[in-house]
2 protein chains.
Amino acid sequence: MGVYENIKHAIITEVYPPGFRLTEEALTKDWNVSRTPIREALKKLEFDGLITPLKRGFIVRTFSKEDLQQVYDLRALLESYAAAQAAMNRTEEDILFIQEAIRAYEIAMLMKEKDMDQNQAIVEANSRFHKGVIEASCNNHVRDLIDKVVVLPLMFRSFYHFDQTDIDQSFQMHKTIARAIVNNDPDRAKTAMQEHILRGRDFVLQHYESGATAVNQTID
Amino acid sequence: MGVYENIKHAIITEVYPPGFRLTEEALTKDWNVSRTPIREALKKLEFDGLITPLKRGFIVRTFSKEDLQQVYDLRALLESYAAAQAAMNRTEEDILFIQEAIRAYEIAMLMKEKDMDQNQAIVEANSRFHKGVIEASCNNHVRDLIDKVVVLPLMFRSFYHFDQTDIDQSFQMHKTIARAIVNNDPDRAKTAMQEHILRGRDFVLQHYESGATAVNQTID
DNA sequence: TGTAAAGTGTTTGTATACAATAGATAGATT
DNA sequence: AATCTATCTATTGTATACAAACACTTTACA
C-alpha cells in the first residue's frame with residue numbers, strides 16, 4: 001500500500017483527527033519516506049477534499065453543517081442521475097454485480113450487531129452497491145464527480161450510528177433501486193436513489209451535533 | 001505566471017495539441033525549471049482532466065463525441081442546479097456582478113466580427129457570466145464540481161465557430177437567466193440555464209466532425 | 001507599556017543526483 | 001525468418017541539500 005492510501009486511511013479512521021495539522025517533515029517521520037512522495041500524497045488528498053491547505057501545511061478537513069447539506073444534496077443530484085442512466089444502459093454483468101453487493105449487505109446484516117466488523121462490512125457492501133450502479137450508468141465522468149463529492153470519513157462514521165431499523169431500511173432501498181434498474185425504469189431508479197441519499201443526509205445532519213467534536217473541530 | 005498556468009495555456013491554445021506527448025524532461029527544457037515544479041503542474045493538469053496519464057508520461061487529452069455528450073449533460077445538470085440556488089440565494093452584489101458580465105458580452109459583440117480578439121473577449125465575458133451565477137448560488141462544492149466538468153479547450157474553440165446569430169442567441173439566454181435570478185424564480189432560472197447549456201452541447205456536437213482532427217486525435 | 005524592527009527557527013519551494021523500471025533494440029537460437 | 005532473451009536507453013520514482021518564505025520571539029525605542 002502506498003503512502004497516499006496509508007495517510008488516507010489514517011484520516012478516515014481518525015488516527016489523524018479533523019483539524020489535525022499535517023506537515024511534510026512530520027509525515028516523513030510517521031511513514032519513513034522522503035518528502036517527495038509525501039508531497040504528492042498531500043496534493044492528492046487536497047484534491048480529494050480530505051485536507052485543507054493552510055499558509056503552511058495542511059489540516060485534516062472539518063465539515064460544517066452547511067458543507068454536509070450541500071455535499072449530500074449534490075450527491076443526491078449526481079447519483080440519481082447515474083441511477084437513471086443505469087436503468088437505461090445496464091448490462092447483464094452490471095446486474096450481477098449489483099445483486100452481489102446486495103447479497104453482501106444481507107450477509108453483513110447477520111453479523112454480531114453494532115460490532116466494528118459489522119460496521120466495516122456494511123460500509124463495504126454499501127459502497128459496492130453504489131459503485132455498481134455508477135458503473136452501470138456507463139459514464140466515467142459522472143463517476144469521477146461522485147468520487148469527489150462522497151466524503152469517506154462521514155460515510156464511515158455515519159454507519160456506526162445506524163441502528164437495526166436504519167440498516168434494514170437502507171437495505172430495502174437498495175433492493176428497490178436495483179429492481180428499477182433491472183426493469184429499465186429510469187424515473188423510478190432516479191427518485192428511489194434520490195430518496196435513499198436524502199435519507200442518508202437527514203440521518204447525518206441529525207447526528208451532527210452529537211458527534212460534533214469529531215466532525216466540526218475547528219482550529220484555535 | 002507559474003509553470004502550471006503556462007502549460008495550461010499552451011494546451012488550451014493548442015501549442016501542445018491534443019494527443020501531444022508530454023514528458024517531464026522535455027518540459028523542463030521548454031520552461032526552464034527543474035522536474036519538481038513540472039511534476040506538480042502535471043499532477044494538477046491531470047486533476048483538471050486536461051492530460052491523460054500513460055504508462056510513462058502523459059498526452060494532451062482527446063475527447064470522443066461520447067465524452068462531449070456526457071460532459072455537457074453533466075454541466076447542464078450542475079449549472080441548472082446552481083442557477084436555481086442562485087435565484088434563491090443571490091445578493092445585490094451578485095446581481096451587479098452578473099449584470100456587469102452581460103454588459104461585457106454586449107461590448108464584445110460590437111467588436112470586429114470573427115476576429116481573434118472578439119473571440120477572446122466573448123469567451124471571457126461568457127465565463128464571467130457563468131462564474132457570477134455559480135458564485136450567487138453560494139455553494140462552493142457545486143463550484144468545484146463545475147470547474148471539473150467545464151473543458152477549457154472546447155469552450156475556447158467552440159466560440160470561434162459561433163456566427164452572429166449564435167452569439168446573439170447566447171446573449172439573449174444570459175439575459176433571460178439573469179432576469180429569473182433577479183426575480184427569485186428558481187424554476188425558470190433552472191430550465192433556462194439547462195436549455196442554454198444544451199444548446200451549447202448541440203452546437204459543439206454538430207461541429208465535432210469538422211474540427212475532428214484537432215479534438216479527436218488518437219494515439220497511434 | 002505599546003509598537004515596530006530585527007533576528008531566529010520552522011516549513012515549504014526548487015534543483016539535482018541516483019535508483020528503479022519500462023520500453024526498445026539487437027543478438028542468438030531454432 | 002521468427003521468436004525469445006539480454007542489454008541498453010529513456011523516463012519516472014525517491015532522497016536530499018540548499019534557498020526562499022513565513023511565523024514567532026525578542027529587543028529597541030517611543
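A note on names: the letters A, B, ... follow the listed sequences, proteins ahead of strands, and every chain is numbered from 1. These numbers were taken from a predicted model, which means no experiment stands behind them.
- Every residue was checked against the ring-ring contact (aromatic ring centres under 6.0 Å, His included) condition with A:Phe97, not counting sequence neighbours, and none meets it.
- In this structure A:Glu66 satisfies the side chain to side chain donor-acceptor pair (under 3.5 Å) test with no other residue, sequence neighbours excluded.
- Extent of DNA chain C lying under 4.0 Å from chain A heavy atoms, first and last nucleotide in 5' to 3' order, is C:dT10 to C:dT14.
- Partners of B:Asn119 by side chain to side chain donor-acceptor pair (under 3.5 Å), not counting sequence neighbours: none found.
- Every residue two or more places apart in sequence or in another chain was checked for a salt bridge (Lys or Arg N to Asp or Glu O under 4.0 Å) with A:Glu135, and none qualifies.
- Contacts of residues 29-42 of chain B with DNA chain D (heavy atom under 4.0 Å): B:Arg35, B:Arg39.
- Remark: B:Phe129 engages B:His174 in a ring-ring contact (aromatic ring centres under 6.0 Å, His included) (not counting sequence neighbours).
- For A:Tyr105, there are no side chain to side chain donor-acceptor pair (under 3.5 Å) partners at least two apart in sequence or on another chain.
- Residues satisfying the ring-ring contact (aromatic ring centres under 6.0 Å, His included) test with B:Phe159, not counting sequence neighbours, are B:Phe162.
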message: Strictly under 4.0 angstrom, non-hydrogen atoms only: write out the protein contact profile of nucleotides 19-24 of chain D, one letter per nucleotide from the 5' end, B, S or -.
response: --BBS-
task: Applying side-chain contact (heavy atoms from CB on, under 4.5 Å), run through A:Phe63 and A:Val204 and close with a yes or a no.
output: CA-CA 12 Å; A:Phe63 294 89; A:Val204 168; over 6 Å; no
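- Not counting sequence neighbours, the partners of A:Phe47 by the ring-ring contact (aromatic ring centres under 6.0 Å, His included) test are B:Phe47.
- A:Lys190 is linked by a salt bridge (Lys or Arg N to Asp or Glu O under 4.0 Å) to nothing, counting only residues two or more places apart in sequence or in another chain.
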